[in-house]
Every structure is written in structure tokens, then in C-alpha cells.
Number of protein chains: 2
Amino acid sequence: MIDKHGIEVCDTQETHFDKVSFVRDSMPPEDELFDLAELFKIFGDTTRMKILYALFESEMCVCDIAAALDMTQSAISHQLRIIKSARLIKSRRLGRTILYSLADDHVATIIGMAKEHLEEL
Amino acid sequence: MIDKHGIEVCDTQETHFDKVSFVRDSMPPEDELFDLAELFKIFGDTTRMKILYALFESEMCVCDIAAALDMTQSAISHQLRIIKSARLIKSRRLGRTILYSLADDHVATIIGMAKEHLEEL
DNA sequence: TGAATATATGAACAAATGCTCATATATTCG
DNA sequence: CGAATATATGAGCATTTGTTCATATATTCA
């Protein structure tokens with residue numbers, strides 16, 4: 001069966017339509033879901049996870065992060081820009097170098113929750 | 001300056017080497033970081049976020065999720081497989097239909113933490 | 001000011017990702 | 001059993017993503 005949106009719908013029981021409507025109505029607005037997904041994307045890459053773990057230990061300059069992760073300065077710089085745009089980290093200039101650090105304790109909290117899930121598998 | 005790994009290293013102060021070593025040593029093992037990133041990838045897509053929100057409201061069959069999100073049954077089924085492989089959801093068969101539901105309350109907790117971060121921007 | 005150093009960035013490219021389409025599998029019911 | 005229905009899945013394709021390479025910008029210091 002095809003509904004008014006041109007989407008297939010299970011046509012066995014009437015209750016399904018109620019359920020579908022309810023879920024549709026309770027769904028958060030598109031832009032909120034987009035922002036949430038964008039935030040999680042930051043954590044969805046091992047390089048960025050490593051950077052966040054590194055900054056969890058200490059404020060660091062780009063070059064040292066690159067050294068610690070055995071990666072290119074360019075690669076790290078690109079990733080730092082992405083992480084910073086999500087406001088998970090902040091930076092301050094100190095002469096020639098720029099020091100990055102975690103913006104707040106959300107990073108640790110979010111990672112902690114995820115770890116908990118993984119540990120229970 | 002180039003270090004023993006062939007990676008550029010800041011060569012201004014000796015303390016940087018200590019910091020780099022410390023961060024290297026305190027970094028979690030590669031496979032743990034991989035698992036964490038893989039888990040966060042699940043949340044890093046609006047379709048999967050919508051599915052999780054839908055299942056947060058109620059146990060649902062594939063077809064109804066598709067209807068609620070105005071998406072193809074195939075697209076939803078593909079995504080459900082990905083989410084299930086991360087053990088965030090479980091399924092049970094009921095006749096012809098298969099009902100999906102959240103595996104535990106980690107989903108809500110993790111999303112909650114992220115929401116908190118976004119609200120404080 | 002000009003050389004050296006730290007960081008940022010744009011283009012290019014390979015790999016990963018998400019959707020569609022067609023089709024396979026599994027279950028129910030006549 | 002065979003038709004109908006719900007779900008799963010493989011191939012193909014367009015988009016996104018992460019890295020590299022070359023180079024630009026910014027700051028220090030002689």
C-alpha cells in the first residue's frame with residue numbers, strides 16, 4: 001500500500017497509522033537532528049578521537065599533536081579546524097605557536113557515556 | 001626538524017618531547033579508539049538519529065519506521081542493520097513483521113549529553 | 001627588513017558512505 | 001503448495017570524507 005506521501009505503508013492494522021503519526025509528531029525538528037548528527041560526526045573518526053584524548057591530557061600545539069599521533073601537521077590542522085567549528089576545543093596563540101585545549105568537560109562526558117556502552121557488550 | 005618516525009616535530013623546547021611522550025603513552029589502544037569512533041559514527045547521520053528517536057518512542061516495524069520518516073523500506077532496512085551491529089537496537093519477529101526497539105538506555109543517555117553540549121553554545 | 005618557524009588552507013584524489021533499484025528470503029494464509 | 005506481504009541484501013552510483021602536497025599567512029628574531 002502507498003500512503004499520501006507516496007511511501008509504502010504496512011496495511012495490516014489500523015494501529016500502525018496511529019503509531020506512525022505519533023512518531024512523526026514527536027520527532028525533533030530537522031535542524032536540531034542535523035546539529036546533533038554533525039556533533040557526533042566529530043567523534044566518529046579515530047584521528048579526531050585521538051586529538052581529543054591528547055587534549056584531554058594537556059594543552060598542546062599543532063606540531064606536538066602531530067608528533068604524538070605520528071601524523072602530518074597538515075592533517076592535524078585540518079582536523080583541528082573541524083573540531084573547533086563544533087566548539088569542542090578552543091585555541092590561544094602563544095608567539096608563533098597556537099595552543100589547543102578542550103573547550104569544556106562535555107568531551108569527557110560524551111566519551112565516557114560511549115565507553116560505558118562498549119564495556120557492557 | 002624530523003623525528004625518528006619521519007614526522008616533523010617542534011624543536012623549540014625540550015619540554016615538548018616530554019609532553020609528546022606522555023600523550024603517546026596515555027593514548028588508549030588503537031582498537032578501543034576504533035570501536036569508540038565506530039559507535040559515534042552511528043549517531044553521526046540524521047537518518048539513523050531519526051530511527052533512534054522513533055524507537056525511543058515505541059517499538060516499531062521496518063515498514064512503519066519508513067513511513068514515519070518518509071523514506072524507502074530498503075534505506076531503513078540497511079540502516080537498521082548498521083545500528084543493530086552496534087547493538088544499540090534489538091529485534092524480535094512477530095509473524096511476518098520484525099519489531100525493532102532500543103537495546104538499552106545508553107542511546108538516550110548519549111544523545112542527552114550531546115544535546116546538553118549544543119544547548120550551551 | 002628578511003630568514004626561519006608554526007600554522008592554515010585550497011586542490012586533488014582515494015576511500016567510505018548512504019541511497020536506489022532489483023531481487024532474494026521468510027512468513028502467513030488461502 | 002503458491003500467492004501475498006514484510007524484510008534483507010547486493011550492485012551501482014553520487015556524495016562526502018580524510019589525507020597529501022604545495023603553498024599561503026603569521027609571528028619571531030637576528
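Labels below follow one simple rule: chain letters A, B, ... track the order of the sequence lines, proteins then strands, and each chain is numbered from 1.
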Residue pairs, two or more places apart or on separate chains, that pass salt bridge (Lys or Arg N to Asp or Glu O under 4.0 Å) and touch residues 31-55 of chain B: A/E30-B/K50, A/K115-B/E32, B/E38-B/K41

Partners passing salt bridge (charged side-chain N to carboxylate O under 4.0 Å, His left out) against B/E116 (at least two apart in sequence or in another chain): none

side-chain hydrogen bond (donor to acceptor under 3.5 Å, both in side chains) pairs, two or more places apart, involving residues 54-63 of chain B: B/E59-B/R92

Partners meeting side chain to side chain donor-acceptor pair (under 3.5 Å) with B/S91 (sequence neighbours left out): B/K84

Which residues share a side chain to side chain donor-acceptor pair (under 3.5 Å) with B/D104, sequence neighbours left out: B/H106

Using whole Å, what does the distance between atom [atom2] of nucleotide [N] and atom [atom1] of [X] come to?
| X | N | atom1 | atom2 | value |
| --- | --- | --- | --- | --- |
| B/M60 | D/dA6 | CE | P | 14 Å |
| B/K84 | D/dT7 | NZ | P | 13 Å |
| A/D64 | C/dA6 | CG | C1' | 11 Å |
| B/L80 | D/dA8 | CG | P | 7 Å |
| A/R92 | C/dA6 | CZ | P | 17 Å |
| A/L99 | C/dA8 | CG | C1' | 16 Å |
| B/I98 | C/dT28 | CD1 | P | 11 Å |
| A/Q73 | D/dT23 | CD | C1' | 12 Å |

Any residue meeting side chain to side chain contact (heavy atoms under 4.5 Å, CB included) with B/A108, in chain and number order, not counting sequence neighbours: B/F56

Where at least one partner belongs to residues 60-89 of chain A, residue pairs that pass ring-ring contact (aromatic ring centres under 6.0 Å, His included), sequence neighbours excluded: none

Pairs satisfying ring-ring contact (aromatic ring centres under 6.0 Å, His included), at least one member in residues 21-49 of chain A, at least two apart: A/F40-B/F43, A/F43-B/F40

Linked hydrophobic residues, A/L99 as query - side chain contacts closer than 4.5 Å: A/L94

Is there any protein nitrogen or oxygen under 3.5 Å from a nitrogen or oxygen in nucleotides 16-18 of chain D, and what are the pairs?
| unit_1 | atom_1 | unit_2 | atom_2 | d |
| --- | --- | --- | --- | --- |
| D/dT17 | OP1 | A/K41 | NZ | 3.4 |
| D/dG18 | OP1 | A/R48 | NH1 | 3.4 |
| D/dG18 | OP1 | A/R48 | NH2 | 2.8 |
| D/dG18 | OP2 | A/R48 | NH1 | 3.1 |

Got a list of protein N/O to nucleotides 10-15 of chain C N/O distances below 3.5 Å?
| unit_1 | atom_1 | unit_2 | atom_2 | d |
| --- | --- | --- | --- | --- |
| C/dG10 | O6 | A/H78 | NE2 | 2.8 |

Interatomic spacing from CD1 in A/I111 to CG in A/L118 - rounded to 0.5 Å: 11.5 Å

Pairwise distance CE(B/M113) to CD1(A/I110) - rounded to 0.5 angstrom: 8.0 Å

Can you tabulate the close N/O pairs, meaning under 3.5 Å, that link protein atoms to atoms of nucleotides 24-30 of chain D?
none

Candidates C/dA8, D/dT7, C/dT20 - which lies nearest the side chain of A/Y100: C/dA8

Below 4.0 Å: OP1/OP2 of D/dT20 and any side-chain N or O of A/T72: yes

